[in-house]
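Chain letters run A, B, ... following the sequence lines, proteins first and then strands; every chain starts at 1.
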Amino acid sequence: MPQKIYNTKTRKKETLQPVSEGAVGMYVCGITAYDVCHVGHARAAVVFDVVFRHLKACGYNVTYVKNFTDIDDKIIDRANREGVTIRDISERFIQMHDEDMAALNVLKPTVTPKATEHMPEMIALIKTLEEKGIAYAVDGDVYFSVKDYPPYGGLSGRNVDEMVSGARVDINDKKKNPLDFALWKKSKEGEPFWESPWGQGRPGWHIECSAMSRRYLGETFDIHGGGEDLIFPHHENEIAQSQAASGKPLANYWIHNGFVKINAEKMSKSLGNIFPVREIIRQYHPEVLRLFMLQSHYRSPVDYSDASLAEARTALVRGYTALQQMKETLSRVAVEVSVKLEKVHQTYLSKLSEMQEKFDAALDDDFNTAQALGCVFEAARLVNQITTAEKKMPAPVKKVILAAAKTGFAHFSDVLGVFLSDPDVFFDSDRTIEVAKRSLDSTKIEALIAERQKARQDKDWQRADEIRQELAAQHVVLKDAADKTVWSIE
RNA sequence: GGCGGCAUAGCCAAGUGGCUAAGGCAGCGGUCUGCAAAACCGUUAUUCUCCGGUUCAAAUCCGGAUGCCGCCUCCA
């Protein structure tokens with residue numbers, strides 16, 4: 001099925017037709033490296049990671065570029081506050097960003113360029129704009145002249161005249177027009193600077209993305225992404241700069257992810273409701289956060305809360321429970337050369353392949369991860385039916401069906417970036433996190449479980465139940481299997 | 001003021017013209033179990049904020065009302 005993408009530029013779902021057949025160029029605006037990543041960054045990263053993974057799974061040769069802004073007012077401020085260099089700051093937070101992303105199973109983009117490493121490209125681009133009469137230099141600053149680029153406002157659906165009358169733009173005497181934006185800023189005393197035809201200074205924010213996307217993807221590429229807040233002014237300005245310079249469209253498809261909200265409010269420093277990724281993954285397995293994001297459509301806003309993460313955890317546990325049963329059954333049953341499948345058994349196999357088709361179709365339809373997850377959970381139910389409920393099914397038949405399910409799940413995991421752990425490793429890790437969160441003592445818990453096992457062997461059900469209740473009070477849930485008792489935190 | 005989005009069960013959330021309105025959480029009944037837990041089976045929206053319209057047919061398209069939200073200033 002052809003890939004459909006909702007294009008912010010046209011506000012419609014369109015069929016992806018790459019510039020060059022079989023290849024996709026994608027640029028996504030990355031972070032400004034001045035602080036740790038929060039849930040919002042995580043969402044954007046996960047959304048475009050799934051786009052990346054899915055397009056690759058579809059056979060496209062994807063070049064995914066995600067930049068780091070490593071020169072910016074906020075970085076300078078922080079460097080001054082801490083008395084270190086801007087490089088110290090940006091390197092520190094890029095490193096932490098990479099750690100967080102790795103924890104969330106976010107694949108490394110093909111290229112992760114940094115602004116400071118692309119000064120010549122930026123300066124060249126600004127020069128081109130200046131030569132074309134679309135940019136003007138004033139006292140060491142260079143501005144983009146919005147009135148000299150008539151299509152301005154095309155992406156965000158804004159009208160230049162109305163924006164001027166709206167007048168929520170900063171006052172700056174150097175600008176000819178309040179909507180004009182800086183391409184190059186003269187450096188102030190003590191600030192880091194680069195040499196340029198306009199003197200010592202540093203680039204404006206928007207120009208770096210124009211310069212780096214051009215460098216790695218060319219003048220026109222396929223997909224440009226970012227958070228919905230970037231539509232205006234950032235992406236609008238990128239389009240203006242790049243297209244004014246090249247005379248060609250910058251990107252054919254514009255994808256924007258929705259925001260993460262906290263209690264229906266915007267996350268912001270002033271509200272004090274920022275949730276850093278590294279804090280969240282101390283409370284929950286990273287895949288919990290990832291699953292939470294994938295449960296809703298990437299363009300909708302999501303409301304982050306502890307309750308919704310707890311719910312996502314339960315769902316994740318459900319999936320891993322199926323995987324664990326599958327693994328266990330597969331390891332137990334010996335391979336049989338020829339297995340006769342009856343019609344009922346064939347039904348399972350066809351249901352499985354139906355789930356896989358629906359899964360791919362969901363992602364083809366504007367990366368509908370929520371719908372795709374529906375297929376994953378239906379497949380999980382099917383696995384559970386095979387492993388537990390279908391007692392009459394011959395073991396070799398189970399093996400054949402579960403092997404097919406395993407292949408299907410491998411695909412689901414590969415594309416969504418969840419259910420990637422070994423189930424036993426996942427449960428261990430989940431339990432460790434929960435034990436720490438509730439300040440429990442696993443040694444004591446296990447001692448009680450051992451005591452209960454003895455009581456059970458002696459058929460002292462009263463004592464066994466007493467211990468179970470005692471543990472339940474600490475949120476410890478027991479699961480009695482034939483030979484052992486496993487425990488988890490509810 | 002300008003631009004845009006959203007409203008589906010107790011909660012979260014897909015579905016955007018027509019088969020039984022996915023899936024997850026929670027609830028209820030059953031199977032299994034010493035009892036549980038997990039799993040499985042069954043059940044939980046005659047209906048998609050409200051009012052009109054188009055159509056043989058609408059949650060889905062059009063118009064209006066109400067409510068919530070985002071962007072227009074750094075922001076994923």
**Whole-Å distance separating the CD1 atom of A:Ile449 from the P atom of B:A37** = 16 Å
**Distance, C1' atom - from B:A7 to B:C51, rounded to whole angstrom** = 16 Å
**Message:** What contact category does A:Ser488 fall into here, base, sugar-phosphate, or nothing, at under 4.0 angstrom with non-hydrogen atoms?
**Reply:** nothing
**Complete:** When both distances are under 3.5 Å in a Watson-Crick or G-U wobble arrangement, the nucleotide paired with B:A65 is B:U49
**Request:** Look up atom OG in A:Ser90 and atom CD1 in A:Ile94, then write down how far apart they are to the nearest 0.5 Å.
**Result:** 5.0 Å
**Message:** Nearest to the A:Gln385 side chain among B:G15, B:C41, B:A76, which nucleotide is it?
**Reply:** B:C41
**Asked** Does B:U60 have a Watson-Crick or wobble mate here (both distances under 3.5 Å), and if so which one?
**Response** none
**Prompt:** Of the candidate nucleotides B:C25, B:G34, B:A76, which contains the atom at the shortest distance from the side chain of A:Arg452?
**Reply:** B:G34
**Message:** Please report the distance, rounded to the nearest Å, between CZ in A:Arg11 and C1' in B:C3.
**Reply:** 8 Å
**Prompt:** Is there a stack between A:Phe377 and B:G23, judged by ring centres under 5.5 Å and planes under 30°?
**Reply:** no
**Prompt:** Among the nucleotides B:G23, B:A76, B:A39, which one has an atom lying closest to any side-chain atom of A:Ile31?
**Reply:** B:A76
**Request:** Among B:G23, B:A14, B:A26, find the nucleotide with the atom closest to the side chain of A:Glu378.
**Result:** B:G23
**Message:** Any base atoms under 4.0 Å from A:Gly40, or only sugar-phosphate, or nothing? Heavy atoms, all strands.
**Reply:** base
**Prompt:** Does A:Arg92 come within less than 4.0 Å of A:Glu82, counting only side-chain N to carboxylate O?
**Reply:** yes
**Prompt:** Which part of the nucleic acid does A:His297 contact within heavy-atom distance under 4.0 Å: base, sugar-phosphate only, or nothing?
**Reply:** sugar-phosphate
**Message:** Quiz question: by atom type and distance under 3.5 Å, do the side chains of A:Ser210 and A:Gln241 form a donor-acceptor pair?
**Reply:** yes
**Request:** Considering only NZ, NE, NH1 and NH2 on the basic side and carboxylate oxygens on the acidic side, decide whether A:Arg463 and A:Asp458 come within less than 4.0 Å.
**Result:** no
**Complete:** Quick note, A:Lys479 side chain, CB onward, closest among B:A13, B:A37, B:C25 is B:A37
**Prompt:** Base, sugar-phosphate, or nothing for A:Val260, non-hydrogen atoms under 4.0 angstrom?
**Reply:** base
**Message:** With a 4.0 Å cutoff (strictly under), does any side-chain N or O of A:Thr485 reach OP1 or OP2 of B:A36?
**Reply:** no
**Request:** For nucleotides B:A57 and B:U16, find the distance between their C1' atoms and express it as a whole number of Å.
**Result:** 15 Å
**Message:** Would you say A:Arg381 places a side-chain N or O within less than 4.0 Å of OP1 or OP2 belonging to B:C41?
**Reply:** yes
**Item:** Closest nucleotide among B:C11, B:C72, B:A76 to the A:Ala44 side chain
**Value:** B:A76
**Request:** Round to a whole Å and report the spacing from CG of A:Asp306 to P of B:C25.
**Result:** 17 Å
**Counter-base of B:U43, judged by Watson-Crick or G-U geometry with both distances under 3.5 Å** = B:G27
**Asked** Using atom C1' of each nucleotide, how far apart are B:A14 and B:G23 to the nearest Å?
**Response** 7 Å
**Asked** So what does A:Gln295 hit on the nucleic acid, given a heavy-atom distance under 4.0 Å: a base, only sugar-phosphate, or nothing?
**Response** sugar-phosphate
**Whole-Å distance separating the CD atom of A:Gln371 from the C1' atom of B:A21** = 12 Å
**Message:** Under 4.0 Å, heavy atoms only, any strand: does A:Lys261 hit a base, just the sugar-phosphate, or nothing?
**Reply:** sugar-phosphate
**Item:** A:Ala380 vs A:Tyr298, nearer the 5' end of RNA chain B by closest nucleotide
**Value:** A:Tyr298
**Request:** Answer with base, sugar-phosphate or nothing: what part of the nucleic acid does A:Arg158 contact at a heavy-atom distance below 4.0 Å?
**Result:** base
**Prompt:** Which nucleotide in the set B:C72, B:C35, B:A39 lies at the smallest distance from any side-chain heavy atom of A:Phe232?
**Reply:** B:C72
**Asked** Is there a Watson-Crick or G-U wobble partner for B:U20 with both distances under 3.5 Å, and which nucleotide is it?
**Response** none
**Asked** Of all the nucleotides listed (B:A13, B:C35, B:G15), which has the minimum atom distance to the side chain of A:Ala370?
**Response** B:A13
**Asked** Contact class for A:Gln325 (heavy atom, under 4.0 Å): base, sugar-phosphate, or nothing?
**Response** nothing
**Prompt:** Ring stacking, A:Phe259 with base of B:A76, under 5.5 Å and under 30°?
**Reply:** yes
**Atom-pair distance (CD on A:Glu490; C1' on B:C25), nearest Å** = 14 Å
**Message:** By the definition ring pair (Phe, Tyr, Trp, His ring centres under 6.0 Å), identify the one residue from A:Phe426, A:Phe292, A:Phe427, A:Phe419 that meets it with A:His285.
**Reply:** A:Phe426
**Item:** Nucleotide of B:G24, B:C71, B:A76 approaching A:Met267 most closely (side-chain heavy atoms)
**Value:** B:A76
**Prompt:** Are the charged groups of A:Asp465 and A:Arg452 less than 4.0 angstrom apart, N to O?
**Reply:** no
**Request:** Any strand is fair game: report the nucleotide pairing with B:A14 by Watson-Crick or G-U wobble, both distances under 3.5 Å, or none.
**Result:** none
**Item:** 5'-most by nearest nucleotide on RNA chain B - A:Tyr6 or A:Glu311
**Value:** A:Tyr6
**Request:** Looking at every strand, decide which applies to A:Lys74 at a 4.0 Å heavy-atom threshold: base, sugar-phosphate, or nothing.
**Result:** sugar-phosphate
**Asked** Under 4.0 angstrom, heavy atoms only, what part of the nucleic acid is A:Ser308 near: base, sugar-phosphate, or nothing?
**Response** nothing
**Asked** Rounded to whole angstroms, how far apart are CG on A:Leu104 and P on B:A76?
**Response** 16 Å
**Complete:** Rounded to whole Å, the CZ-C1' distance (A:Arg456 to B:A36) equals 9 Å
**Request:** Quote, to the nearest angstrom, the C1' distance that separates B:C71 from B:G63.
**Result:** 26 Å
**Asked** What nucleotide among B:C74, B:A22, B:G15 has an atom nearest to a side-chain atom of A:Asn368?
**Response** B:G15
**Message:** Base of B:A36, side chain of A:Arg468 - is there a donor-acceptor contact under 3.5 Å?
**Reply:** yes
**Prompt:** A:Asp303 has an atom CG; how far is it from atom C1' of B:C6, in whole Å?
**Reply:** 13 Å
**Complete:** As its Watson-Crick or G-U partner within any shown strand, both distances under 3.5 Å, B:C71 has B:G2
**Request:** Describe the nucleic acid contact of A:Leu230 in one word from base, sugar-phosphate, nothing, applying a heavy-atom distance below 4.0 Å.
**Result:** sugar-phosphate
**Message:** Taking only the P atom of each, what is the distance from B:A37 to B:G18 in whole angstrom?
**Reply:** 41 Å
**Item:** Electrostatic pair A:Lys327-A:Asp424, nearest N-O below 4.0 angstrom
**Value:** yes
**Message:** Can you confirm whether the side chains of A:His297 and A:Gln371 place a donor and an acceptor under 3.5 Å from each other?
**Reply:** no
**Distance between C1' atoms of B:A39 and B:U54 (Å, rounded)** = 49 Å
**Item:** Salt bridge A:Arg278-A:Asp100, side-chain N to carboxylate O under 4.0 Å
**Value:** yes
**Prompt:** So what does A:Gly258 hit on the nucleic acid, given a heavy-atom distance under 4.0 Å: a base, only sugar-phosphate, or nothing?
**Reply:** base
**Message:** Any salt bridge linking A:Arg158 with A:Glu236? Criterion: basic side-chain nitrogen under 4.0 Å from a carboxylate oxygen.
**Reply:** no
**Prompt:** Looking at A:Arg318, does any N or O in its side chain come under 4.0 Å of the phosphate oxygens OP1/OP2 on B:A39?
**Reply:** yes
**Item:** Whole-angstrom distance between B:C74 and B:A65, as gauged at atom P
**Value:** 33 Å
**Item:** Rounded distance in Å between the C1' positions of B:C40 and B:C62
**Value:** 47 Å
